[in-house]
**Student:** 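Please read through the structure below; I'll follow up with questions.
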Amino acid sequence: MQIPDSLIERMRTARRVAVLTGAGVSAESGVPTFRDAQTGLWARYDPAELASPDAFRANPNLVWQWYAYRRALVEAAAPNPGHLALADLERRIEDFTLITQNVDGLHRRAGSQNVVELHGNLFRYRCFHCAAPVELTIAPQDAPPPCPRCGGLVRPDVVWFGEWLPSQAWQTAVAAAERCELFLCIGTSGVVRPAADLPLIARSSGAYAVEINIAPGALDDRLDLHLYAPSGQLLPALMT
Ligand code: BV8
Ligand code: ZN
């Protein structure tokens, strides 16, 4: 993959950088992306159907088992060179914000410190009824445990479709997109909003916006540069 010298130069000189990642950055860690056919048991369910409050209300055990399955996948996975390259980039850039749609926690495991989790985290829990945070040392496999505070059902602390993003995370992400001079949009289909608006907010605020993906998607032709290669290979090359 030939990386344009102009981008290498921007990476060398940029002082304010924001990055948005999607499921594609975890693909090379063996974590299926949202729109890949989920393997095995989950091939017949549409993830967007499971990741919703209605699905949890209708069938809490099924939704809970889907997240238990995904936690097991992530626990067996390791950060890949793409995650590690982004952690390295954070150490080099004075004003660096890593914004992720992913809920797998792999950026933090790779050493990234300042991670804005727009959609929550698989390994955090809260009560579906009273919203109290819930600590689980061992998460049960087959059904949600009861909330210690109100007896309601415990849910994963992730943002489901139709739910608002955590306002602090969203405000931090928009502020970073508005002030950055270089915006990297990596491994996302650019379908889910409002996250997908961030590269456009950055570009309209004067940033140079780059997409890194293995194939064109919803963001195609809307950013300044589109590089098509696996992020686990391209990001380390970008950091040299
Ligand atoms: C909200 C947590 C306000 C849960 C997730 C019309 C307009 C605007 C909005 C909407 C609309 N219709 C509906 C909406 C709202 C909806 C939405 O955007 N729907 C979409 C489907 C149209 N958004 C919401 O509901 C959001 N909330 O809008 O609140 C509101 C309030 C009330 C009522 C209405 C609105 C909340 C969205 C958050 C949903 N939660 N995750 C969980 O994970 O279980 S989103 C989920 O999708 C994951 O977080 C995932 O990360 C995310 C986005 O997907 P991607 O990350 O892009 O992953 P995907 O599989 O799609 O693509 C992978 C990409 O990687 C591909 O491009 C592939 O080519 C690439 N790739 C693969 N391998 C590699 C690679 N790239 C590089 N290297 C590789 N090796
Ligand atoms: Zn409760």
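Predicted, not measured: the structure shown is a model, and the values here were computed from it. Order of listing sets the numbers, starting from 1, for every ligand and every atom in it.
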**Student:** When clusters are formed by joining ILVMFWY residues with side-chain heavy atoms under 4.5 Å apart, either directly or through shared neighbours, do Val19 and Ile3 land in the same one?
**Tutor:**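 Linked within one cluster.
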
**Student:** Nearest to atom 44 (O) of ligand 1 by heavy atom, Trp160, Trp66, Tyr67: which?
**Tutor:** Tyr67

**Student:** Can a donor-acceptor pair be found, under 3.5 Å and without considering hydrogens, that links the side chain of Asn213 to the backbone of Pro216?
**Tutor:** no

**Student:** So if I count the atoms of ligand 1 from 1 in the order they appear, which ones are less than 4.0 Å from some heavy atom of Pro230?
**Tutor:**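 Selected atoms, number and element: 78 (N), 80 (N).
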
**Student:** Just heavy atoms, cut-off under 4.0 Å: does Arg193 contact ligand 1 by side chain, backbone, both, or neither?
**Tutor:**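 Near ligand 1, Arg193 shows its backbone as well as its side chain.
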
**Student:** Suppose I only count heavy atoms of Gly162 and a 4.0 Å limit; which atoms of ligand 1 are within that range?
**Tutor:**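 Result: 24 (C), 25 (O), 31 (C), 32 (C), 33 (C).
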
**Student:** Run the numbers for me: atoms of ligand 1, each under 4.0 Å from some heavy atom of Ala27, listed by number.
**Tutor:** 73 (N)

**Student:** Could you say whether the N/O atoms of Leu165 and ligand 1 ever approach to under 3.5 Å?
**Tutor:** no

**Student:** Is Ala48 near ligand 1, meaning one of its heavy atoms is under 4.0 Å from it?
**Tutor:**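 No heavy atom of Ala48 comes that close to ligand 1.
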
**Student:** With atoms numbered from 1 as shown, which atoms in ligand 1 lie under 4.0 angstrom from a non-hydrogen atom of Asn102?
**Tutor:**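 Those of ligand 1 that fall under 4.0 Å from Asn102 are 51 (O).
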
**Student:** Under 4.0 Å from a heavy atom of Val103: which atoms of ligand 1 are those, numbered in the order shown and with their elements?
**Tutor:** 2 (C), 43 (O)

**Student:** For Gly22, take its heavy atoms, then give the atoms of ligand 1 lying under 4.0 Å from any of them.
**Tutor:** 56 (O)

**Student:** Are Ile212 and Leu89 connected in a single hydrophobic cluster, I mean Ile/Leu/Val/Met/Phe/Trp/Tyr linked by side-chain heavy atoms less than 4.5 Å apart?
**Tutor:**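 Same hydrophobic cluster.
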
**Student:** Could you list the atoms of ligand 1 found under 4.0 angstrom from a heavy atom of Glu163?
**Tutor:**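 Going through ligand 1 atom by atom, the ones under 4.0 Å from Glu163 are 1 (C), 26 (C), 27 (N), 29 (O), 36 (C).
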
**Student:** Any N/O/S atom, backbone or side chain, of His129 lying under 2.8 Å from the Zn ion (ligand 2)?
**Tutor:** no

**Student:** Quick one: does Pro156's side chain get under 4.5 Å of Leu122's, heavy atoms only?
**Tutor:**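 A side-chain contact is absent here, since even the closest heavy-atom pair is not under 4.5 Å.
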
**Student:** Looking at every heavy atom in both Glu28 and Pro230, which two are closest together, and how far apart are they?
**Tutor:**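 Closest approach of Glu28 to Pro230: OE2-CB, 3.4 Å.
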
**Student:** Is it true that Val158 and Phe34 fall in one hydrophobic cluster, defined by side-chain heavy atoms closer than 4.5 Å?
**Tutor:** yes

**Student:** Which of these, Phe161, Trp164, Phe34, has its nearest heavy atom closest to atom 3 (C) of ligand 1?
**Tutor:**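 It is Trp164 that holds the nearest heavy atom.
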
**Student:** Where does Thr33 meet ligand 1, judged by heavy-atom distances below 4.0 Å: at the side chain, the backbone, both, or neither?
**Tutor:** both

**Student:** Under 4.0 Å from ligand 1, counting heavy atoms only, is it the side chain of Arg70, its backbone, both or neither?
**Tutor:**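 It is the side chain that gets close, since no backbone atom is under 4.0 Å.
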
**Student:** Under a 4.5 Å cut-off applied to non-hydrogen side-chain atoms, are Val74 and Arg109 in contact?
**Tutor:** yes

**Student:** Measuring only between side-chain heavy atoms, which start at C-beta, is Glu117 closer than 4.5 Å to Val103?
**Tutor:**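 Contact flag for Glu117/Val103 side chains = no.
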
**Student:** Is the distance between the ring centroids of Tyr208 and Phe183 less than 6.0 Å?
**Tutor:** no

**Student:** Does an N or O from Ala23, backbone or side chain, lie closer than 3.5 Å to an N or O of ligand 1?
**Tutor:** yes

**Student:** Quick one: does Val159 get an N or O within less than 3.5 Å of an N or O on ligand 1?
**Tutor:**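 Yes, there is a polar N/O contact under 3.5 Å.
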
**Student:** Please state the angle at the Zn ion (ligand 2) spanned by SG of Cys127 and SG of Cys130: what is it, rounded to 10 degrees?
**Tutor:**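 Approximately 110° at the metal, rounded to tens of degrees.
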
**Student:** Parallel, tilted or perpendicular for Phe56 and Trp160, by the 30°/60° rule?
**Tutor:**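 The arrangement is tilted - the two ring planes meet at 30° to 60°.
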
**Student:** Give the single entry among Gly82, Gly187, Gly217 that approaches atom 63 (C) of ligand 1 most closely by any heavy atom.
**Tutor:** Gly187

**Student:** How wide is the angle at the Zn ion (ligand 2) between SG in Cys147 and SG in Cys150, to the nearest 10°?
**Tutor:**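 Vertex at the Zn ion (ligand 2): approximately 110°.
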
**Student:** Would you kindly confirm whether Ile93 and Val25 end up in one hydrophobic cluster when ILVMFWY residues are joined by side chain heavy atoms under 4.5 Å apart?
**Tutor:**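 Same cluster.
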
**Student:** Relative to the heavy atoms of Glu28, which atoms of ligand 1 are at a distance of less than 4.0 Å?
**Tutor:**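 Result: 78 (N), 79 (C), 80 (N).
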
**Student:** Does atom CZ of Arg222 have more than 12 heavy-atom neighbours from other groups under 6.0 Å away?
**Tutor:** no

**Student:** Does the plane of the ring in His83 sit parallel, tilted or perpendicular to the ring in His107? Use 30° and 60° as the thresholds.
**Tutor:**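 Perpendicular: the ring planes of His83 and His107 meet at over 60°.
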
